[in-house]
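Note on naming: letters A, B, ... go to the chains in the order of the sequence lines (proteins, then strands), and numbering restarts at 1 for each one.
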Amino acid sequence: MHWIKKIVDDIIARNDPKIVIHTGKTPSGPIHIGSEREQFICSAIQIELKKRGYESIFNFIIDSFDPLKSIPIGIEVPKDFEENIGRPLYLVPDPYGCHESYAHHFSEEFIECQNDLGVYFNVIYAHEIYKKKEMKDAIRKVLKNLDKLREIRSKYIKDEEDDWNPVMVVCDSCKRIASRKGGVIPNRLEEWNLEKDIAKYKCIACGYENEKSISELLLKLSWRVDWAAKWAIFKVTCEPAGKDHCVKNGAYDMALEVCYEIFNYIGPLKVPYEWLTLGGRAMKTHKGITFTPKEWLKIAPPECMRYFILNVEPMRHIEFLPERIPDIVDGFDRIERIYYGLEKPIEDYQYYRDLYELCIIGKIPDKPPIRLPYRFCIVMVQLEELLGENKVIKKSIDYIRKIGHNIGKEVTDDDISDAIKRLNMAKNWVALYAPENMKFKIKLEEPTYRPSDEKEVGFIEAIISLLEKDLSEYELQGEIFNTARKIGIEIEKAFSIMYMILLGSNKGPRLAPLLLALDRDWLIKRLKSVLQKTS
RNA sequence: GGGCCCGUAGCUCAGCAAGGUAGAGCAGCGGGCUUUUAACCCGUUGGUCCCGGGUUCAAAUCCCGGCGGGCCCGCCA
């Protein structure tokens with residue numbers, strides 16, 4: 001049984017009139033695949049709910065009202081961009097100049113990938129929420145019940161700030177909501193009068209003072225309270241959160257208490273999840289340790305990313321290494337075959353069925369899709385320079401036809417377009433992430449190999465004459481073995497000679513197809529050149 | 001100081017809730033594809049289940065105590 005079922009049991013047991021699922025993210029930089037875990041958990045919840053006949057609402061809250069606290073490593077910014085530190089992210093210009101704001105740039109880059117990944121949510125920007133009457137009322141409620149709130153807070157946070165209040169304000173003059181002096185210090189309301197509905201502040205960054213009505217001021221709640229207010233306003237049923245917030249007596253727990261005591265709402269079901277690590281290190285936006293969904297989609301299919309993450313219980317670490325993409329894709333292909341009964345179920349057949357249904361995007365095909373194996377793609381795309389794109393595609397389609405034939409299914413247009421997508425992905429993967437031992441390249445410069453004895457010379461000569469015949473790939477591969485035996489040269493040695501001449505390495509992909517792929521005249525010339533040098 | 005997760009084959013991890021003869025994938029090795037090299041198929045090697053106690057007829061699994069690794073906990077989501 002898949003773990004998502006237990007979560008959905010708990011959701012249904014709440015008996016909420018409407019099921020509302022939330023996730024949230026501060027767009028302080030590129031949004032990485034760690035955050036995708038949250039989206040996939042919610043997406044999986046929706047799928048399972050739907051199976052049981054329940055509709056649900058899924059909102060993605062973008063915390064665009066949070067201040068810019070630092071500029072993440074790896075982001076190129078214009079001169080004097082530091083000026084924007086302390087401004088809410090939706091008021092910070094897009095450093096790349098292509099979106100409405102800093103917040104929009106990074107959010108939209110993430111959001112654009114989501115439908116491709118099978119995630120469908122409503123996008124809600126926090127700065128828009130704060131314009132609404134419900135949020136203004138929440139702020140009034142907070143100010144009215146400030147003593148009670150301080151009391152709750154004191155249970156979770158120990159400091160000497162007894163004049164603490166959670167209402168932050170955007171300065172009318174410098175547009176900052178916080179200032180960086182030592183740490184990042186929030187700009188707070190100083191005085192307020194709830195009867196007259198007015199409040200006053202003095203900007204901590206620039207010193208500007210102002211008094212306006214609560215409706216007119218740009219106000220924000222500090223985040224544990226902000227979270228609680230959003231839960232209450234949207235009547236949130238469930239919101240997953242990273243393990244950092246879910247620590248006992250941490251942010252989530254305090255927000256739950258605030259939600260109940262101040263806003264009279266029970267609060268959502270807490271679903272904690274562990275982080276993804278990248279090469280052993282936690283992904284951190286501000287340190288530039290990221291890997292984004294957009295980058296994933298360049299190198300591997302989206303359903304494989306769902307498989308990679310949804311296969312693991314939420315509280316377990318996931319170690320992501322881009323070098324291991326071929327394993328991940330193979331893993332997905334395997335559960336697909338299990339799903340369609342093409343591979344024997346090992347143990348928990350039901351688990352794999354459930355998992356597959358959570359991974360596949362859109363309608364589950366009646367017949368098994370025919371997949372071009374990723375490892376096959378890796379070899380093929382490295383021959384593209386020689387074969388040309390069309391021949392690579394043709395060979396790949398022939399290959400899936402063969403697989404289709406074996407399982408008694410005709411290749412469809414979808415299968416073909418999937419294969420072509422995989423080839424493109426593998427090409428990117430080879431260029432960006434492949435370890436050296438998976439790569440090979442035909443050497444165009446002079447080979448450094450020289451035959452060391454008569455047998456080797458004889459072998460190369462024999463290969464040249466083989467090439468002058470029009471042998472099929474199959475025949476050629478066989479003849480290479482025959483020739484080596486006939487001459488009395490070790491098979492292993494024979495192959496490594498050929499690879500040395502062509503690749504400058506003693507290993508390579510299957511030889512016959514490689515030889516046939518090359519221009520014959522060029523190849524013969526090259527082999528002869530090795531012989532001439534020796535005499 | 002507090003919390004969470006992990007420790008099982010060379011690698012990545014299942015198995016632990018309901019204790020009953022240690023599993024998978026990949027890698028390796030061997031074979032097949034009428035004649036071994038990085039597509040495909042079959043077979044196969046491989047493990048003090050981190051350590052020490054306890055409970056039990058029986059512990060990878062439950063309990064206690066350690067060790068090792070990773071991460072989190074300041075209004076920095």
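For Phe65(A) and Tyr125(A), the ring centers sit 6.0 Å or farther from each other.
Taking atom CD of Glu490(A) as the reference point, atom P of U35(B) lies 21 Å away to the nearest angstrom. Rounded to an integer number of Å, the gap from Leu276(A) CG to G70(B) P is 18 Å. Here C41(B) presents its P atom at 7 Å from CZ of Arg337(A), a figure rounded to the nearest Å. In this entry the distance linking NE2 of His2(A) with P of A14(B) reads 12 Å, nearest Å. As a whole-Å value, the separation of Ile403(A) CD1 from C33(B) C1' is 16 Å. In this structure, the CZ atom of Phe320(A) is 18 Å from the P atom of C71(B), given to the nearest Å.
Contact annotation: Lys243(A) does not reach the phosphate of A77(B) (side-chain N/O to OP1 or OP2, under 4.0 Å). OP1 and OP2 of C4(B) both lie 4.0 Å or more from every side-chain N or O belonging to Lys270(A). Arg316(A) has no side-chain polar atom (N or O) that falls below the 4.0 Å cut-off from OP1 or OP2 of C13(B).
Counting only heavy atoms from C-beta on, Lys230(A) has its side chain closest to A77(B) among G3(B), A77(B), C72(B).
For U35(B), its base sits under 3.5 Å from the side chain of Arg485(A) at one donor and acceptor pair at least. For Asn482(A) against U35(B), a side-chain N or O and a base N or O form a donor-acceptor pair under 3.5 Å.
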**Asked** His127(A) and Tyr90(A): ring-ring contact (aromatic ring centres under 6.0 Å, His included), yes or no, with the steps?
**Response** CA-CA 7 Å; His127(A) 70 272; Tyr90(A) 81 102; 3.9 Å; yes
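Of the residues Val392(A), Asp415(A), Ile416(A), the one that meets the side-chain contact (heavy atoms from CB on, under 4.5 Å) test with Ile397(A) is Ile416(A).
Both tests pass for Arg153(A) against the ring of Trp164(A): distance under 6.0 Å to the centre and angle within 45° of the axis.
Distance check on atom C1': U55(B) versus G65(B) gives 15 Å, rounded to whole Å.
Heavy atoms of Asn249(A) sit nowhere under 4.0 angstrom from any nucleic acid atom.
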